[in-house]
Amino acid sequence: MPKHNSLLRTKTSSFFSSCFLYAAGTSASFLLAWAFWSFFSSPAPSANPSFSRGLASEAALSCPAGKAGHNRSYDPPDPTFYDDPELSYTIEKTIKNWDEKRREWLEKHPSFAAGAADRILMVTGSQATPCKNPIGDHLLLRFFKNKADYCRIHGYDIFYNTVLLQPKMFSFWAKMPAVKAVMLAHPEAEWIWWVDSDTAFTDMDFTLPLDRYKAHNLVVHGWPHLIHREKSWTGLNAGVFLMRNCQWSMENMEEWASMGPQAPEYDKWGVIQRTTFKDKTFPESDDQTGLAYLILKEREKWGNKKNMEDEYYFEGYWMEIVGTLENITDAYTGIEKRERRLRRRHAERVGESYGKVWEEHLKDAGYGRGSWRRPFMTHFTGCQPCSGDHNQMYSGQSCWDAMQIALKNADNQVLRRYGFVHRDLLDTSTVPPLPFDYPASDLVGGAS
């Protein structure tokens, strides 16, 4: 389990980044305040191919209509909530009876109803303008590729946003209008998964344990005792969250967004947040402290449906993680050498079955800090890949090197399914082909 009090994390204010972890002491508060001021800075196809005399049938060769039998070309003329002229996708407009509207839509679109309870759609994004950092756009592309890889492997859709859907809700506030619009545009999705632009998946096999969240509507990385006892604004991290597509979430976001810069009581909420959370040093109302306030002060209304996940790296601090990746990779390679099933070549579409084999060997690995399991998600808080205005507690070079290592470590997990691997995690171009039965057989030239 990650230990909150061993970390120094900064408030990242890139366009779609609000990432931080608990930090103790006066120096940490200063660094957190400093960072605040920097701105911007699929399942198998529906039909299985059938073969006769070694040739695919005409039906197998035709392009499938969509995912898992989804009929994307059918939208009946019966009226739905979309036909209501009063419907608005904006964050300001209240949505009522959303659960009933979603249910009715699914009834009219039965091909999307099967599996809807576990359907996830990921949302992420970045600023509309080019990055100030010369390599910032390249890094954001790499981070997006990482998310697209993860979504493809697990059959999730992904929406990437680059505009402010509410002009006054800038920086970390910009995620809320995007999430609400996605909820309305995708009634077939049960869960909306916001992931900050500077976050990378570093375990491409791990999947969200949705069974843990059956009684919850919002999952965020955090530590309840830091919110309720310590009253720390860094007792949770609002840069990655999983939100159920339901009426509760619509109402929760409306109240949460009422603390934002577009709201008339924005300044008042800044005062309330600083009064409630004494370790918050900057005056403006922010989304993370706002969420912590709702959990602390309105527990009966909101808190009981929120899960502050601290059992695994729902998102983890990069300085804690990147230095462990080499040893973790060695441990996984050792398992592969002993377990023939994990060395078997296979289609990417069936990769989740091999994730189950991995779990047989990882049951004693633990989770989070101190474990030798791959960290699920690595968050580069304070690095500001787009602006380059990184936190002064570490060098820009350490940020860039760490991002290269984490992203290529994840990329190796993907490339393995295509028969290649990065030889050196700091080498951007060399990807030798893998021999049969790797890693039981040696890779010519060696791999780092």
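Along the sequence shown, residues carry numbers from 1.
If you take NZ on Lys297 and NE2 on His228, they are separated by 11.5 Å, rounding to the nearest 0.5 Å. From Asp203, atom CG reaches atom OH of Tyr313 across 13.0 Å, with rounding to the nearest 0.5 Å. Residue Met403 holds its CE atom at 13.0 Å from CG of Asn146, rounded to the nearest 0.5 Å. The CG atom of Asp149 sits 5.0 Å away from atom CE of Met204, with the distance rounded to the nearest 0.5 Å. Here Glu230 contributes atom CD and Lys278 contributes atom NZ; the two are 14.5 Å apart, rounded to the nearest 0.5 Å. In this structure, CG on Leu226 lies 11.5 Å from NZ on Lys231, to the nearest 0.5 angstrom.
Between the side chain of Gln262 and the main chain of Ala257, a donor-acceptor pair closer than 3.5 Å is present. Here the side chain of Lys93 pairs a donor or acceptor atom with the backbone of Glu86 at under 3.5 angstrom. Using modelled atom types, no side-chain atom of Asn412 and backbone atom of Asn409 make a donor-acceptor pair closer than 3.5 Å. Side chain of His390 to main chain of Gly396: a donor-acceptor pair is present (N/O by atom type, distance under 3.5 Å, no hydrogens or angles). The backbone N or O of Pro130 sits less than 3.5 Å from a side-chain atom of Gln127, completing a donor-acceptor pair. Within the 3.5 Å criterion, the main-chain N or O of Thr90 finds a donor-acceptor partner in the side chain of Lys180. No donor-acceptor distance shorter than 3.5 angstrom exists from the side chain of Glu326 to the backbone of Thr324, with no hydrogens or angles considered.
Between Glu188 and Trp105 the shortest side-chain heavy-atom distance falls below 4.5 Å. Residues Lys305 and Leu218 fail the side-chain proximity criterion, which asks for heavy atoms closer than 4.5 Å. Put simply, the side chain of Tyr156 does not reach to within 4.5 Å of the side chain of Ile158, judged on heavy atoms. Using a 4.5 Å heavy-atom cutoff, the side chains of Thr202 and Arg374 are not in contact. Proximity of Glu359 to His361: side-chain heavy atoms (C-beta onward) are nowhere separated by under 4.5 Å. Between Leu165 and Ile91 the shortest side-chain heavy-atom distance does not fall below 4.5 Å. Contact annotation: the side chain of Leu242 approaches that of Leu210 to within less than 4.5 Å [non-hydrogen atoms, C-beta and beyond]. At a threshold of 4.5 Å between non-hydrogen side-chain atoms, the residues Ile272 and Glu265 do not count as touching.
Thr234 and Trp223 get closest at one heavy-atom pair: O-CZ3, 4.2 Å. Heavy atoms only, all atoms of each residue included: Phe143 and Ala200 are closest at CE2-CB, 3.9 Å. When every heavy atom of Tyr312 is checked against every heavy atom of Tyr367, the shortest pair comes out as CB-CD2, 3.7 Å. Minimum interatomic distance between Ile227 and Ala292 (heavy atoms only, all atoms of both residues): CD1-CB, 3.7 Å. Heavy-atom minimum distance, Pro177 versus Met169: CG-SD, 3.6 Å. Taking every heavy atom of both residues into account, Ala178 and Asn161 meet most closely at CB-ND2, 4.0 Å.
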Legend entry - Worked check of side-chain contact (heavy atoms from CB on, under 4.5 Å) between Ile328 and Arg373: CA-CA 7 Å; Ile328 290 173; Arg373 179 187 290 267; over 6 Å; no
Inset, instruction - Evaluate side-chain contact (heavy atoms from CB on, under 4.5 Å) for Phe81 paired with Glu104, printing each intermediate quantity in order. - result: CA-CA 9 Å; Phe81 66 89; Glu104 289 174 2; over 6 Å; no
Inset, instruction - Applying ring pair (Phe, Tyr, Trp, His ring centres under 6.0 Å), run through Trp233 and Phe282 and close with a yes or a no. - result: CA-CA 11 Å; Trp233 74 292; Phe282 53 91; 5.1 Å; yes
Inset, instruction - For side-chain contact (heavy atoms from CB on, under 4.5 Å), just list the numbers for Leu362 and Ile335, CA-CA rounded to whole Å, side-chain angles, deciding distance to a tenth of an Å, and then say yes or no. - result: CA-CA 9 Å; Leu362 296 171; Ile335 293 172; 4.2 Å; yes
Inset, instruction - Applying salt bridge (charged side-chain N to carboxylate O under 4.0 Å, His left out), run through Lys280 and Asp286 and close with a yes or a no. - result: CA-CA 10 Å; Lys280 178 179 164 76; Asp286 72 285; 2.5 Å; yes
Inset, instruction - Show the numbers, then the answer: is there a side-chain contact (heavy atoms from CB on, under 4.5 Å) between Thr333 and Thr329? - result: CA-CA 6 Å; Thr333 301; Thr329 299; 4.2 Å; yes
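Using bins of under 30°, 30° to 60° and over 60° for the plane-to-plane angle, the ring pair Tyr89/Tyr82 lands in the parallel bin. Between Tyr150 and His154, the ring-plane angle classifies as tilted under the 30° and 60° cut-offs.
The neighbour count for Lys168 NZ, taken as heavy atoms of other residues, nucleotides or ligands under 6.0 Å away, does not exceed 12.
Between the side chains of Asp411 and His422, at least one donor-acceptor pair of N or O atoms lies under 3.5 Å. Inspection of the Trp98 and Asn245 side chains reveals an N or O donor paired with an N or O acceptor under 3.5 Å. Residues Asp196 and Thr199 bring no donor and acceptor atom of their side chains to less than 3.5 Å of each other. Between Gln247 and Arg102, the side chains place no donor N or O within less than 3.5 Å of an acceptor N or O (distance only, hydrogens not considered). Checking Gln397 against Ser395 by side-chain atom types alone, no donor-acceptor pair falls below 3.5 Å. Looking at Asp279 and Ser232, their side chains do bring a donor and an acceptor atom within 3.5 Å of each other. At a cut-off of 3.5 Å, with distance as the only test, a side-chain donor of Glu348 or Tyr418 sits close to an acceptor on the other residue.
Between Trp318 and Tyr394, the ring centre distance stays below 6.0 Å.
With sequence neighbours excluded, the residues forming a disulfide (SG to SG under 2.5 Å) with Cys131 are Cys386, listed by chain and number.
Residue pairs meeting the salt bridge (charged side-chain N to carboxylate O under 4.0 Å, His left out) criterion with at least one partner in residues 239-261, sequence neighbours excluded, are Glu190-Arg244, Glu255-Lys301.
Phe201 pairs with exactly one of Phe314, Trp193, Phe144 by the ring-ring contact (aromatic ring centres under 6.0 Å, His included) rule, that one being Trp193.
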